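Take a look at the structure below.
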Protein chains: 2
Amino acid sequence: MNIPVEPSQNPPLEHDHKKCVSEALDTAEQLCVVRGVQLTPIRHQVLELIWASHKAVKAYELLDRIKPQMDAAKPATIYRALDFLIEQGLIHRVESLNAFVGCNCSAHQHEQLLLICNNCQDVEERSAPKVMQALALEIKQADFIVHSKAIEIQGVCAKCTKTISDQS
Amino acid sequence: MNIPVEPSQNPPLEHDHKKCVSEALDTAEQLCVVRGVQLTPIRHQVLELIWASHKAVKAYELLDRIKPQMDAAKPATIYRALDFLIEQGLIHRVESLNAFVGCNCSAHQHEQLLLICNNCQDVEERSAPKVMQALALEIKQADFIVHSKAIEIQGVCAKCTKTISDQS
DNA sequence: ATGATGAGTGTTATAATATAACACTCACTT
DNA sequence: AAGTGAGTGTTATATTATAACACTCATCAT
């Protein structure tokens with residue numbers, strides 16, 4: 001009666017990704033109901049495709065992936081869905097990659113730090129309260145009014161470092 | 001014998017922008033000599049164009065602006081110069097705008113926080129040591145190896161806030 | 001019921017951003 | 001004098017994103 005072991009390619013090592021996805025989609029659905037906005041089939045599908053992994057996905061990759069199910073899909077189809085999902089805080093736009101990744105923090109404060117692995121492409125969200133605190137102070141000192149924040153760190157994640165060093 | 005008053009459009013309110021530019025270019029020249037790399041005429045010109053303001057400039061804007069002096073300029077001309085300038089830490093790429101801005105911190109630590117004004121488009125660099133410290137700690141806790149950082153805050157700068165409220 | 005409205009989508013076209021690939025020059029080396 | 005590497009010229013093309021306009025359909029006021 002066990003869920004079969006996943007091929008377990010890249011997504012985080014020991015995590016139940018199905019749960020990950022279903023939780024994200026459930027939360028998204030609930031949030032949209034509460035907010036009185038529509039998570040239409042297209043938007044839902046795009047969100048699901050983004051959550052297929054923890055990697056940042058490009059808009060045109062999404063387009064390719066959605067085409068089998070939606071032959072009519074065009075760039076605007078994707079970009080509109082992405083705009084909606086970003087507005088609702090359901091995904092992050094990864095500015096330094098021109099790509100998109102699922103967001104776990106939609107319900108809470110949406111602004112997080114992104115750790116982007118250049119090896120496996122996984123993006124980890126971290127709320128990093130200390131950083132945000134220091135940042136808020138710095139911004140206040142500059143008399144600056146914030147609209148949005150992008151804090152993106154590129155490098156190599158812990159898993160990849162381990163994997164690489166294990167190979168030697 | 002005074003320097004004539006500048007039209008003073010947008011660039012920061014009370015600052016001597018000529019000095020700003022000449023210092024930046026001097027520093028760049030010196031750094032390139034020290035490092036044994038070539039700040040060729042094209043690269044110098046692009047750097048100068050970027051320093052024409054404190055706004056983030058798009059690659060194709062640079063292309064348009066360099067054409068009067070360099071009819072042969074093509075996208076590659078600009079992108080190559082930009083690549084060089086970024087490698088040398090002489091400019092920042094502003095990820096959230098796909099644009100470029102002069103960097104004052106080339107000689108020191110290059111990683112800074114960028115405050116991007118959506119009203120006047122000026123970009124302010126801040127070293128924000130407290131933020132960087134907290135960030136370093138957070139990254140260490142995540143066992144992440146950093147290659148590069150982008151910390152970009154969009155909003156309205158102090159000057160614009162003041163100007164706008166003065167109008168009321 | 002009727003038609004006005006607005007959100008969402010379909011569709012075509014095009015704008016804006018960025019890179020690949022190959023040829024050429026020129027200074028410097030061997 | 002040939003070999004090398006950095007920088008540039010040039011053409012073509014890939015990638016990312018938006019504009020503009022038409023259509024559908026549910027909702028709502030008349």
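All of these numbers come straight from a predicted model, not from anything done at the bench. Protein chains get the first letters and strands the later ones, always in sequence-line order, with residue 1 at the start of each.
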For atom [atom1] of [X] and atom [atom2] of [N], their distance in whole Å:
X	N	atom1	atom2	result
A:His44	C:dG8	NE2	P	16 Å
A:Glu95	D:dT16	CD	C1'	13 Å
B:Asp83	D:dT8	CG	C1'	14 Å
B:Gln88	D:dA6	CD	P	13 Å
B:Tyr79	C:dA16	OH	P	12 Å
A:Leu62	D:dT16	CG	P	11 Å
B:Leu82	D:dT8	CG	P	12 Å
A:Gln45	C:dT9	CD	C1'	14 Å

Can you tell me how the ring of B:Tyr60 sits relative to the ring of B:Tyr79, calling it parallel under 30°, perpendicular over 60° and tilted otherwise?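 The arrangement is perpendicular - the two ring planes meet at more than 60°.
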With a 3.5 Å distance limit and no angle check, can you tell me whether A:Glu125 reaches the backbone of A:Asn104 through a side-chain donor-acceptor pair?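 Confirmed, A:Glu125 side chain pairs with A:Asn104 backbone.
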Treating B:Ser53 as the side-chain partner and B:Lys55 as the backbone partner, does any N or O pair qualify as donor plus acceptor under 3.5 Å?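 Yes, the answer is positive, given that a donor and an acceptor are paired below the 3.5 Å cut-off.
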Please determine if B:Glu138 and B:Lys140 form a salt bridge, counting it only when a charged side-chain N lies under 4.0 Å from a carboxylate O.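 No salt bridge links B:Glu138 with B:Lys140.
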Check whether any side-chain nitrogen or oxygen of [X] sits under 4.0 Å from OP1 or OP2 of [N], and answer yes or no.
X	N	answer
B:Tyr60	C:dA16	no
A:Arg93	D:dA17	yes
B:Gln38	D:dA6	no
A:Lys58	D:dT15	no
A:Thr40	C:dT9	yes

Kindly state which residues belonging to residues 64-77 of chain A come within less than 4.0 angstrom of DNA chain D, counting heavy atoms of the residue only, listed by number.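 By residue number: A:Pro75.
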Would you check, one step at a time, whether the test side chain to side chain contact (heavy atoms under 4.5 Å, CB included) holds for B:Cys20 with B:His17? CA-CA 5 Å; B:Cys20 213; B:His17 191 60; 3.7 Å; yes
Which one, D:dT18, C:dG10, C:dA18, comes nearest to the side chain of A:Ile42?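 Output: C:dG10.
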Test for a donor-acceptor pair under 3.5 Å between the base of C:dG10 and the side chain of A:Arg80, counting only N and O atoms.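 Answer yes: a donor N or O sits under 3.5 Å from an acceptor.
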When rounded to the nearest 0.5 angstrom, what distance separates [atom1] in [X] from [atom2] in [Y]?
X	Y	atom1	atom2	value
A:Phe84	A:Cys32	CZ	SG	4.0 Å
A:Ile78	A:Asp83	CD1	CG	11.5 Å
B:Trp51	B:Cys103	CH2	SG	7.5 Å

Any side-chain donor paired with an acceptor under 3.5 Å for B:Gln112 and B:His92?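 Note: B:Gln112 and B:His92 side chains miss the donor-acceptor criterion.
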Run the salt bridge (Lys or Arg N to Asp or Glu O under 4.0 Å) test against B:Glu152 and tell me which residues pass, sequence neighbours left out.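 So B:Glu152 forms no salt bridge (Lys or Arg N to Asp or Glu O under 4.0 Å) with any residue.
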Starting at the 5' end of DNA chain D and moving along, which residue's nearest nucleotide shows up first, B:Asn98 or B:Val37?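 The residue whose closest nucleotide sits nearer the 5' end is B:Val37.
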Can you pull out how bent the helix from C:dA1-D:dT30 to C:dT30-D:dA1 is, comparing the axes over its first five and last five pairs, to 10°?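 The angle separating the two end axes equals 10°.
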